[in-house]
Asker: 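Got a structure here, written out as structure tokens. Questions coming.
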Amino acid sequence: MRLRRNEYIEIAADICVQLKALRLSPGVSLYLEGVKVTKSKGFIGGNIACKWKRKYRGWSADEA
């Protein structure tokens, strides 16, 4: 499943963060375990893998 940057994840009890607040940059990967995907009723827990392709010949993807 692909998530947009404005989705919220719950990393701990009552601590919600938007994906864009993680400040990924080109060439960086991130793996989060046991997070809840939405603020309201939704997925109980899961793992999220974030990856933003690195710059290649001066070009990079617009978002992760």
Side-chain angles (χ1 to χ4, degrees):
M1 169 171 69
R2 185 169 185 203
L3 301 172
R4 292 182 178 246
R5 295 182 332 170
N6 61 353
E7 286 288 332
Y8 282 89
I9 58 171
E10 187 175 307
I11 54 176
D14 298 329
I15 300 176
C16 293
V17 178
Q18 263 187 324
L19 287 175
K20 66 182 174 183
L22 297 177
R23 306 233 181 238
L24 285 175
S25 59
V28 173
S29 298
L30 178 66
Y31 185 74
L32 303 169
E33 294 184 46
V35 297
K36 186 177 173 186
V37 175
T38 59
K39 284 176 122 176
S40 61
K41 292 181 183 178
F43 300 108
I44 294 173
N47 301 332
I48 295 180
C50 305
K51 181 171 172 82
W52 193 338
K53 290 184 179 180
R54 66 179 177 87
K55 286 186 178 180
Y56 182 71
R57 293 186 181 177
W59 181 88
S60 68
D62 294 333
E63 61 182 44

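The chain is numbered in sequence order, starting from 1. These figures come from a predicted structure and were not determined experimentally.
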Asker: Rounded to the nearest 0.5 Å, how far apart are CG of L32 and CD1 of I9?
Answerer: 5.0 Å
Asker: Please name all residues satisfying side-chain hydrogen bond (donor to acceptor under 3.5 Å, both in side chains) with N6, sequence neighbours left out, ordered by chain then number.
Answerer: none
Asker: So, N47 side chain and V35 main chain: donor-acceptor pair closer than 3.5 Å or not?
Answerer: no
Asker: Any chain of hydrophobic side-chain contacts (each under 4.5 Å) joining Y31 to I15?
Answerer: no
